[in-house]
Amino acid sequence: MEPLRHDDPPWAGSHVLLGRLDADSERAVPVRRFVARSADGDRDLLVALPRPDADPARWAVEAEGARRLSLPGFLPVTEVGGTAELPWCATPYVPALPLPAALRAHGGPLPEPFVRFLGAALARALATAHARGVTHAGLSPAAVLLTTDGPRASCFGAVRAAGPDGERRDGLPGLDPGCLAPEQAAGGRPRPLGDVYALGAVLAYAATGHTVPERDEIPVPLRSPVTACLARDPATRPQAHQVLALLEPNTRWEPVAGPHLQGVHPATVMDGADGPGPLPALVVAALARQAARVLAAELPAPAPGHPAPGSLHPSALD
């Protein structure tokens, strides 16, 4: 967790912003993310705001879409608020490391067994969303949060929020170019197979430290699924549930009855889904440090007549 910058707002609604989740060095983050606390001090939250160079109206539409979306493996958005100029959304706080921070904590690429677990968890979440007619349109290393309860996909709709269909999106601020499928970079409508491309880039990053590795850099057990996901022609990419089968060969995919989002496709469930995978020890230690610092955070005392900017007690900052 990082201290607030001078241009960060002190509040999101009644929530006091305590610190940034992402380091300043992270450029391909499509939102500004903060740890926050409710004004009464009873709740901690993760709050997201649009980047200063983003279209707040497009961003707000995607934030509201995420609020209505409740699927396993996705970071749940429980509150949406703000103004037309500065919308925000929030989710209950859990200790979480964005994938780039996890690699820094670990000291390099993550172990192959964990990358396989991570890929299966994300493929499962995407497959469930795709079966319900939902495209995530924002998967990237920065969008993946590692928690003790398992990986969570965030930044829902970042590609749609960054630029409208029909306009080129390559080079737009906040989008990781290595995770942007060629058809989406050219302005195409985000579709499920674009999520699969982004999944391949995320796994390449977790295994090698960058989203566009040479094929030989990818560990052999992951090489086939990752390179299949990164096919430039979407017609040759596997679907998300097929990626899951490559990563977890014994997993069985079955449709289940019940209500489904937007009335498009039936919901699905993965048999054989396990609980959280074994996080690398240094990542667990970083999560523990973050949790301790959030507990130690003190709400700032406002100056007379002026709300104070959110900040962490000096001893609680990284």
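Everything numeric here is computed off the predicted structure, so don't read it as measured data.
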Assess the residue pair V16 and W11 against the criterion (side chain to side chain contact (heavy atoms under 4.5 Å, CB included)); give the C-alpha distance rounded to whole Å, side-chain angles, the decisive distance to 0.1 Å, and a yes or no.
CA-CA 5 Å; V16 183; W11 303 86; 3.0 Å; yes
Would you name the heavy atoms of S154 and L75 that are closest together and state the gap between them?
CB-CD2, 3.9 Å
Honestly curious: do L172 and L139 fall in one hydrophobic cluster under the side-chain, below-4.5 Å linking rule?
no
Keeping R116 on the side-chain end and P221 on the backbone end, is there a donor-acceptor pair under 3.5 Å?
yes
Within this structure, what is the CG-CG distance for the pair L97 and L287, rounded to the nearest 0.5 Å?
4.0 Å
Residue pairs meeting ring-ring contact (aromatic ring centres under 6.0 Å, His included), one or both in residues 75-95, sequence neighbours left out, come to H15-W88
Output all residues satisfying side-chain contact (heavy atoms from CB on, under 4.5 Å) with E64, sequence neighbours left out; order by chain, then residue number.
R67, R68, V80
Examine distances only and state if a side-chain atom of E217 and a backbone atom of E214 form a donor-acceptor pair shorter than 3.5 Å.
yes
Under a 4.5 Å cut-off applied to non-hydrogen side-chain atoms, are D216 and R223 in contact?
yes
Side-chain donor/acceptor of R191 to backbone N/O of T135, under 3.5 Å
no
T148 side chain near P95 side chain, heavy-atom distance below 4.5 Å
no
How close do R169 and P190 get, counting heavy atoms only, and between which atoms?
NH2-CD, 3.9 Å
Please check if L118 and L279 belong to a single hydrophobic cluster, counting links between Ile, Leu, Val, Met, Phe, Trp and Tyr side chain heavy atoms closer than 4.5 Å.
yes
Those residues that, when tested against T236, pass side-chain contact (heavy atoms from CB on, under 4.5 Å) (two or more places apart):
A231, D233
Enter the distance from R152:CZ to L145:CG here, rounded to the nearest 0.5 Å.
9.5 Å
Shared-cluster residues of L295, by chain and number - hydrophobic side chains joined below 4.5 Å:
none
Side chain to side chain donor-acceptor pair (under 3.5 Å) against S38, all qualifying residues, sequence neighbours excluded:
D40
With heavy-atom distances below 4.5 Å as the criterion, would you say the side chains of W59 and C89 are in contact?
yes
Connected-component partners of V94 among ILVMFWY, side-chain separation under 4.5 Å
none
Are L86 and F34 connected in the hydrophobic side-chain network, where two residues link if heavy atoms are under 4.5 Å apart?
yes
E2 and A23: which non-hydrogen atoms are nearest, and at how many Å?
CG-CA, 3.6 Å
Between V61 and F156, is there a shared hydrophobic cluster once you connect ILVMFWY residues whose side-chain heavy atoms come closer than 4.5 Å?
no
For residues 195-208, tabulate all N or O donor-acceptor pairs below 3.5 Å that involve a side-chain atom, not counting sequence neighbours.
unit_1	atom_1	unit_2	atom_2	d
D195	OD1	A137	N	3.0
D195	OD2	H130	NE2	2.8
D195	OD2	H136	N	2.8
T208	OG1	A204	O	2.7
T208	OG1	H210	N	3.3
T208	OG1	H210	O	3.0

Write down the atom of P56, the atom of A84, and the distance for their closest heavy-atom approach.
CB-O, 3.4 Å
Rounded distance [0.5 Å steps], CG in L18 versus CG in L4
7.5 Å
In one Ile/Leu/Val/Met/Phe/Trp/Tyr side-chain cluster, 4.5 Å: L126, V144:
yes
Is a side-chain N or O of E62 found less than 3.5 angstrom from the main chain of A158, in a donor-acceptor match?
no
Shortest non-hydrogen contact between A102 and L146, atoms and distance:
CB-CD1, 3.6 Å
Go through the structure and list residues passing side-chain contact (heavy atoms from CB on, under 4.5 Å) with P72, not counting sequence neighbours.
none
For V77 and A63, the nearest pair of non-hydrogen atoms, with its separation, is CG1-O, 4.2 Å
Among all residues two or more places apart in sequence or in another chain, which pass the side-chain contact (heavy atoms from CB on, under 4.5 Å) test with R5?
D7, D8, R20, D24
Residues in salt bridge (charged side-chain N to carboxylate O under 4.0 Å, His left out) contact with D170, at least two apart in sequence or another chain:
R168
Which pairs of donor and acceptor atoms, one on a side chain in residues 174-183, lie under 3.5 Å apart (sequence neighbours left out)?
unit_1	atom_1	unit_2	atom_2	d
D176	OD1	G178	N	3.0
E183	OE1	R237	NH2	2.9
E183	OE2	R237	NH1	2.8

So does A96 get a backbone contact from the side chain of T147, meaning a donor-acceptor N/O pair under 3.5 Å?
no
Do any side-chain atoms of residues 41-53 form donor-acceptor pairs under 3.5 angstrom with protein atoms, and if so which ones, sequence neighbours left out?
unit_1	atom_1	unit_2	atom_2	d
R43	NH1	E79	OE2	3.2
D44	OD1	R37	NE	2.6
D44	OD1	R37	NH2	3.2
R51	NE	D53	OD1	3.1
R51	NH1	R27	O	3.2
R51	NH1	V29	O	3.0
R51	NH2	D53	OD2	3.2

